[in-house]
Amino acid sequence: MYAAEVYRWLAGTERARELTFSVDELANAVKLHDLGKISISDGILKKPGKLTAAEFEKMKKHTVLGAQIITTMMERSEGMDRPTMSLARDIARSHHENWQGGGYPDGLEGEQIPLAARIMSLCDVYDALRSART
């Protein structure tokens, strides 16, 4: 929902030309942004409080794992919506990259980060700020 709103706002700006995907493709793709977390133990996912450095390193792998899962799905399914799934793969891998660098998994910065992943990153932070962690 947040990503679609950001898309609609961006579509009304001078940067609209950068939107190479539809709002529907984005709205569907963002649903898979944390798919890789199915490979992370519940002990880490549900841990109250701060993760240790080792736990955080394991958690960071959800980005690459999610992208790998989506790639495998695309390779094994013929009738799949490839544009949406390609977008989902970019989002899963890059939604924890930081505009100023220092993010993960690839240390991308600025416009090196796919636009859809930048949108998801913004929405993920917004959601985290307004939600209680359980």
Side-chain angles (χ1 to χ4, degrees):
M1 176 180 71
Y2 301 142
E5 288 302 317
V6 171
Y7 181 102
R8 288 183 189 99
W9 173 83
L10 193 56
T13 72
E14 61 193 37
R15 299 197 67 165
R17 69 189 182 301
E18 296 175 41
L19 295 168
T20 59
F21 45 88
S22 72
V23 66
D24 290 334
E25 288 169 332
L26 180 65
N28 287 319
V30 297
K31 295 173 186 175
L32 298 176
H33 78 282
D34 275 340
L35 177 64
K37 285 186 177 179
I38 65 171
S39 300
I40 307 299
S41 75
D42 282 349
I44 292 174
L45 291 174
K46 296 180 178 184
K47 180 180 178 181
K50 190 174 171 105
L51 299 177
T52 66
E55 291 168 335
F56 186 59
E57 287 303 312
K58 289 178 184 176
M59 176 66 90
K60 290 191 319 188
K61 292 180 181 178
H62 84 277
T63 56
V64 173
L65 294 168
Q68 289 172 343
I69 293 166
I70 294 168
T71 297
T72 301
M73 291 167 59
M74 291 173 67
E75 291 170 354
R76 295 183 182 174
S77 300
E78 291 184 22
M80 187 168 290
D81 178 354
R82 295 206 179 280
T84 298
M85 294 305 286
S86 292
L87 200 60
R89 181 182 51 211
D90 288 348
I91 292 167
R93 183 171 186 100
S94 300
H95 72 282
H96 284 291
E97 298 288 358
N98 292 329
W99 182 258
Q100 296 174 329
Y104 61 89
D106 301 308
L108 302 177
E109 61 184 52
E111 293 187 6
Q112 294 175 324
I113 306 165
L115 178 57
R118 286 183 264 156
I119 292 171
M120 184 64 236
S121 178
L122 174 68
C123 297
D124 213 14
V125 169
Y126 176 73
D127 186 57
L129 290 172
R130 61 183 313 262
S131 301
R133 185 162 189 241
T134 57

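Any value given below was found using the heavy atoms of this structure, including those in side chains, with hydrogens, waters and symmetry copies removed.
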Flag, side chain of S86 to backbone of P83, donor-acceptor distance under 3.5 Å: no
Common cluster, L87/V23, ILVMFWY with side-chain heavy-atom separation under 4.5 Å: yes
Polar side-chain atom of R82 near backbone of M74 as donor-acceptor pair, under 3.5 Å: yes
Chi angles and distances behind the side-chain contact (heavy atoms from CB on, under 4.5 Å) call for L26, V6: CA-CA 10 Å; L26 180 65; V6 171; over 6 Å; no
Donor-acceptor contact present, side-chain Y7 to main-chain F21, <3.5 Å: yes
Pairs involving residues 34-66, ordered by first then second residue, that meet ring pair (Phe, Tyr, Trp, His ring centres under 6.0 Å) (sequence neighbours left out): F56-Y104, H62-H95, H62-H96
Check: D24 main-chain N/O paired with N28 side-chain donor or acceptor under 3.5 Å: yes
Distance in Å, I113 CD1 paired with N98 CG, rounded so as to fall on 0.5 Å steps: 7.0 Å
Donor-acceptor contact present, side-chain T71 to main-chain A67, <3.5 Å: yes
Pairwise side-chain contact, R93 with P105, heavy-atom cut-off 4.5 Å (strictly under): yes
CA sep, side-chain torsions, deciding dist, call: E55, K58, salt bridge (charged side-chain N to carboxylate O under 4.0 Å, His left out): CA-CA 5 Å; E55 291 168 335; K58 289 178 184 176; over 6 Å; no
E25 backbone acceptor or donor facing S22 side chain under 3.5 Å: yes
Approximate separation, where rounding is to 0.5 Å, of L65 CG and D34 CG: 11.5 Å
Main-chain N/O of E109 paired with Q112 side-chain donor or acceptor, under 3.5 Å: yes
Which atom of A88 lies closest to which atom of A29, heavy atoms considered: N-CB, 3.6 Å
From CZ (R17) to CG (L10), nearest 0.5 Å: 10.0 Å
Co-membership, hydrophobic cluster, residues L122 and L19, 4.5 Å side-chain: yes
Shared hydrophobic cluster, I44 / I38 (ILVMFWY, side-chain heavy atoms < 4.5 Å): no
G66 versus A92, closest heavy-atom pair with distance: C-CB, 4.1 Å
Least distance between heavy atoms, L115 atom then E18 atom: CD2-O, 3.6 Å
D127 and S131: CA distance, side-chain angles, deciding distance, side-chain contact (heavy atoms from CB on, under 4.5 Å) verdict: CA-CA 6 Å; D127 186 57; S131 301; 3.4 Å; yes
Pairwise distance CZ(R8) to OG1(T13) - rounded to 0.5 angstrom: 14.5 Å
H33 NE2 to I70 CD1 distance, which is reported to the nearest 0.5 Å: 11.0 Å
L51 reachable from L45 in the ILVMFWY side-chain graph, under 4.5 Å edges: yes
Heavy-atom pair of closest approach, residues G36 and I69: CA-CD1, 4.4 Å
Enclosure of K60 NZ (heavy-atom neighbours >12, cutoff 6.0 Å): yes
Check: E97 side chain, L108 main-chain N or O, donor-acceptor pair, under 3.5 Å: yes
From CH2 (W9) to CD1 (I119), nearest 0.5 Å: 10.0 Å
